[in-house]
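Report on the following structure.
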Amino acid sequence: MAETRDADTNVGHGVLIEAVGRALTTHGRAILTGPAGAGKTEVARTVAAAAEGRRETVLRLAPEAADRHIPEASAAALLASVPRSALDRLAGPQRTAIAFLRREADAPRAGRDHVALRLAVVEVLRTLAAPGPLLLLVDNAQWLDAESTDLLRFALRLTPPRVRVLVAERVQGGAPVAETLCGPGTPAVRVPALGADEVAELLLRHGLPARLAGRIHQASGGNPRLALALGHSLAEAAGQGGCAHHADPLPVSGQAREVARRLLAEAPARTRPTLLLAALATRPTTALLRRAGRPDAEAELAEAERAALVTVGEDGAVAFTAGALPTALAADAGWPERSAGHAALAAAVDDPVQAVRHRALAVDTPDAELAAEITRAADACRRRGQRALAAELGLLAAERTPAALPGEELARLVGAAEDAGWAGRADLARRATRAVLARDASPAQRVRARLAVIDAAGQALAALDETFAFACAEADAADDPSLLAAVQLRIAWKHNLSDGDPVRSRDAAAEAGALAKAGGDQVAEAMALTVRARMGRILGDADAEDILAQALALPAPEVPLGMRNAPQYLAVRHALFDDRLADARRQLLVLLPAVQRTGSAEDVFEVLRSLTEVELRRGRCVPGAAHARRALELTIEAGLSPGPAWYVAATAEAAGGSFARAAAYARRGIRASEEEHDQIFLSRGLYALGTVELATGEAAKAVATLRRVAELEQAQQVVDPSILRWHGELAEALVAADDPAGAVALLDSVTPVARSLRRTPVLAALDRARALALSAQGEPEPAVALLQDTAQRFGALGLPLERGRTLLALARVERRRRRRAPARAALRDAAEVFERAGAAPWLCLARENAPETGAPHPGVAALTDAEARLALLVGGGASNQEAAAKLFLSVKTVEARLTRIYQKLDVRSRAQLATALRGH
């Protein structure tokens with residue numbers, strides 16, 4: 001009779017479970033509330049399991065909806081679960097009352113004794129609590145029948161403190177049952193909605209794609225059951241040949257629609273017409289709903305708010321708690337209801353564009369005048385930067401265009417496809433393009449429509465099906481050089497993004513540039529030169545900057561090609577790669593308002609990403625984190641691919657937030673990029689994870705992760721080490737993993753390249769790793785000199801976090817030399833750098849590494865980092881096998897390394913090792 005267990009809703013509820021535990025310990029009573037599917041049952045189960053783990057008795061009751069109408073049904077179910085031994089101890093009248101309630105075969109036929117029954121329940125609870133605490137768990141309390149509620153209320157008033165009560169109740173419009181059972185003042189804990197990150201984790205735990213976590217979070221409102229249902233709907237759609245893209249509405253069908261219907265059923269039926277009007281409106285308010293014919297809108301919405309379906313702001317703005325709810329409402333309503341609703345809203349809204357939209361949706365017959373009016377509204381949206389709405393209106397205009405005007409219909413369809421491509425709405429782009437391809441369209445129209453679908457695909461270019469493949473667009477372009485240039489430009493993007501092949505991308509861009517020049521399309525020519533310059537930088541081509549200069553000399557690109565592919569933006573990226581940070585920041589602050597006006601979420605994200613990276617490199621972690629937060633919010637709002645945003649969030653957290661959160665973001669970004677075959681951000685996600693693993697002392701993991709980066713970069717033929725600076729990180733990880741020779745070999749291979757390309761900051765990072773390798777190889781003096789010099793160079797370059805990291809490395813080397821005063825000075829200087837930068841996790845590292853007042857065995861300073869980690873594990877009680885598994889080593893390597901540790905510390909046993917390490 002328990003609530004269906006279709007959501008592992010302990011995701012994100014650790015703090016909540018602790019709060020419930022505290023309430024039970026302190027007050028003996030606790031109430032869990034929340035809407036259906038919020039996770040109350042799972043939280044209650046976890047609390048009960050913890051109680052059972054403490055050898056406490058747990059008594060469970062979970063009525064169903066039908067039980068509410070059967071007198072004493074829940075009381076009978078509760079007593080049926082009580083052990084017979086507890087019932088046998090009851091006095092005669094009490095046993096008789098319970099036998100009557102349980103309909104036992106030998107129960108007397110006489111009428112029941114209600115007083116005896118109440119006393120019997122009290123006595124049963126006391127008996128069960130006699131050996132130790134008893135937890136009474138009542139789930140789905142809203143379905144308790146009135147008689148059982150009254151019986152339990154009486155019994156719980158008379159039970160001893162050892163009887164603890166946890167009542168989970170669904171949020172509903174009626175009087176709460178939980179407070180009746182537990183009494184006034186009982187701590188009530190509301191199960192909160194999951195955040196977008198927690199939805200991602202929930203999806204991953206259930207083997208569902210996490211890349212649409214932001215969209216699923218919006219559609220589910222953080223309700224775990226609805227989120228999983230939407231995830232399964234997506235998986236089913238993909239299995240049937242469907243494809244879910246970034247900003248597309250999620251399919252509210254099958255299980256997802258049933259969950260949404262159950263949620264909607266929590267509100268009284270009289271609220272349904274008002275909720276439907278709110279679902280059909282773009283920006284519903286109570287005033288709008290009143291004008292549209294719902295005079296009691298406030299009262300009806302208040303009931304819906306109590307059922308956790310909507311929220312009503314102080315200004316009367318109405319928002320559904322889950323995006324799937326208005327979709328389900330509209331889908332379940334018939335055409336007459338929807339038509340009447342749109343007609344009422346058309347007369348009530350004060351925005352002319354929305355009035356036209358509602359009038360168009362209220363009819364389903366062609367009308368040339370209405371189609372022209374919708375087209376003008378779409379033009380207005382385009383000027384406002386509302387591309388998704390422009391695409392929707394363009395499709396509406398095409399649908400309302402009479403068959404006698406095929407030219408106008410085609411023009412509207414192509415415009416709608418291009419608007420959808422700009423907005424990243426693959427569903428609208430495909431719908432418009434299919435309509436174009438089904439008509440007698442010109443080659444140019446067919447190509448423009450196909451390219452819109454490609455543009456809408458975002459990071460998921462590899463997922464395009466044959467109907468919209470590049471080859472089809474190329475075939476339609478025939479011999480038109482301008483059209484062929486546009487196709488080749490997209491092919492160049494795909495070779496870089498999805499295939500990870502900069503050489504083919506560069507070659508396709510060169511072909512696109514030649515075609516654009518032949519066709520007189522200077523904008524496309526500039527874009528092609530930009531791709532060539534970008535790929536040239538990756539490949540280490542000496543002429544990459546000259547090619548970028550040529551692109552900058554041509555006219556700036558116009559929509560729909562986008563600022564993120566413009567030469568102006570690439571110039572900013574090159575400034576960032578070169579650590580010309582003030583220049584990059586100045587240009588980005590000029591670009592940000594410009595891209596915000598265009599309405600392109602991907603362009604805005606790109607600028608925010610670069611601003612995050614610039615601020616972090618400058619040692620300004622607080623503004624960097626703010627840009628990263630906005631980038632992540634925008635990704636969720638616009639439904640963009642989350643891989644890049646999670647990478648950005650990981651870098652911001654690693655610099656100024658929390659290493660643990662950084663690792664979590666990085667892992668999610670890696671999974672999302674793998675799902676979308678995004679090679680570029682797969683490398684970046686792995687790089688972010690590897691740097692965190694290195695910082696937190698997981699050297700073996702860092703080596704494995706960063707080697708994956710090296711393999712991907714090698715496969716992508718990346719030559720320039722300034723673009724993704726993994727070389728120094730991997731070298732440091734190799735040193736920490738006791739492989740300084742491997743680190744030196746890597747450094748020797750990349751240093752000449754960095755020197756020939758004059759990548760000064762990269763050379764400084766490589767020198768830091770080289771110094772650590774020198775120290776590990778028994779050459780501390782040159783290591784210290786190199787680290788001191790490197791710290792000064794990073795300071796001169798204006799890279800404070802890199803300087804702080806170098807000072808941390810210097811402190812480790814000095815401490816290994818038993819030079820405590822210089823080690824303390826380096827740590828103090830590092831802490832000052834990190835504190836000024838707002839680099840919280842690095843500041844913690846600096847403070848953790850500060851020497852203790854009680855010094856450990858003097859030989860500890862002679863241990864390498866890898867030896868120290870093993871010593872701490874073994875000294876803490878780990879077996880050789882456990883230590884090997886933890887450090888990703890073989891048992892044989894652990895044994896050999898332990899021998900060296902014992903020799904350095906002059907100890908002969910694990911006990912002596914633990915003593916030697918005490919205070920370390």
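We count residues from 1, following the sequence as given. None of the values given here were measured: they were computed from a predicted structure.
Across Ala544 and Arg537, no two heavy atoms sit closer than the pair CB-N, 3.6 Å. Residues Gly804 and Phe834 approach most closely at C-CZ, 3.3 Å, considering heavy atoms. Here the shortest heavy-atom pairing between Leu325 and Thr321 reads CD1-OG1, 3.8 Å. Closest heavy-atom contact between Ala388 and Ala423: N-CB, 3.6 Å.
Distance check: Leu787 CG to Arg812 CZ gives 9.0 Å after rounding to the nearest 0.5 Å. With rounding to the nearest 0.5 angstrom, the CZ atom of Arg630 is 7.0 Å from the CG atom of Leu608.
Inter-residue side-chain proximity for Val692 and Pro841 is flagged as unmet; no heavy-atom pair is nearer than 4.5 Å. Residues Val718 and Pro502 are not in side-chain contact: their nearest non-hydrogen atoms beyond the backbone lie 4.5 Å or more apart. At a threshold of 4.5 Å between non-hydrogen side-chain atoms, the residues Gln716 and Ile538 do not count as touching. Looking only at side-chain heavy atoms (C-beta outward), Arg725 and Tyr687 come within less than 4.5 Å of each other. No side-chain heavy atom of Cys844 sits less than 4.5 Å from a side-chain heavy atom of Phe659. Looking only at side-chain heavy atoms (C-beta outward), Glu418 and Arg382 stay at 4.5 Å or farther from each other. Contact of the Trp493 side chain with the Val531 side chain is registered, since non-hydrogen atoms from C-beta on lie closer than 4.5 Å. The side-chain heavy atoms of Thr691 and Trp726, taken from C-beta on, include no pair separated by under 4.5 Å.
Remark: the backbone N or O of Val312 is paired with a side-chain donor or acceptor of Glu305 at under 3.5 angstrom.
With salt bridges taken as basic N to acidic carboxylate O contacts below 4.0 Å, one links Asp455 and Arg490. In summary, Glu674 and Arg671 do not engage in a salt bridge, as defined by a charged side-chain N under 4.0 Å from a carboxylate O. With respect to Glu693 and Arg708, no salt bridge is recorded, no charged nitrogen being found less than 4.0 Å from a carboxylate O.
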Show your reasoning for whether side-chain hydrogen bond (donor to acceptor under 3.5 Å, both in side chains) applies to Ser610 and Tyr569.
CA-CA 10 Å; Ser610 291; Tyr569 183 66; 2.6 Å; yes
Before giving the answer on side chain to side chain contact (heavy atoms under 4.5 Å, CB included), spell out for Arg573 and Glu613 the whole-Å C-alpha distance, their side-chain angles and the decisive distance to 0.1 Å.
CA-CA 10 Å; Arg573 295 297 296 173; Glu613 292 171 344; 2.7 Å; yes
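With Ser505 as the fixed residue, the side-chain contact (heavy atoms from CB on, under 4.5 Å) test singles out one of Arg534, Met535, Lys494: Met535. Of the candidates Thr806, Leu807, Leu801, Leu799, Arg803 forms a side-chain contact (heavy atoms from CB on, under 4.5 Å) with just one, namely Leu807.
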